[in-house]
Amino acid sequence: MPPAARPGPGRFSRRHALMLMLALEILVVGTYNADRYRRPGISVDMPTTYGHVIV
């Protein structure tokens, strides 16, 4: 089996592009969902103050 062809030095491969796209997607999705975090528990009463839950 012949050795795998390696890109030359300083070359941006498809694998690096895919890893960069995945990292950017994780950052974007994580930033979008950061404000939507809900603490675990069952809501019994929802007070008027945002982020407060009586469990």
Side-chain angles (χ1 to χ4, degrees):
M1 181 157 56
R6 292 179 32 183
R11 193 157 167 213
F12 194 69
S13 69
R14 180 181 295 183
R15 184 176 180 190
H16 287 115
L18 290 174
M19 287 191 291
L20 182 61
M21 286 174 32
L22 178 62
L24 288 174
E25 180 181 357
I26 290 171
L27 281 174
V28 169
V29 171
T31 302
Y32 176 74
N33 289 328
D35 292 335
R36 295 177 36 173
Y37 173 75
R38 291 178 46 185
R39 291 170 38 195
I42 299 171
S43 300
V44 176
D45 185 21
M46 294 297 294
T48 57
T49 308
Y50 177 75
H52 291 197
V53 177
I54 300 171
V55 291

Check the pair Met21, Glu25 against side chain to side chain contact (heavy atoms under 4.5 Å, CB included), reporting the backbone distance first and the verdict last. CA-CA 6 Å; Met21 286 174 32; Glu25 180 181 357; over 6 Å; no
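In this structure, Val28 shares a hydrophobic cluster with no other residue, the cluster being traced through Ile, Leu, Val, Met, Phe, Trp and Tyr side chains under 4.5 angstrom apart. Taking Ile, Leu, Val, Met, Phe, Trp and Tyr as hydrophobic and joining them when side-chain heavy atoms fall under 4.5 Å apart, one finds Ile26 in a cluster with Leu22.
Other residues, nucleotides and ligands contribute over 12 non-hydrogen atoms within 6.0 Å of the CZ atom of Phe12.
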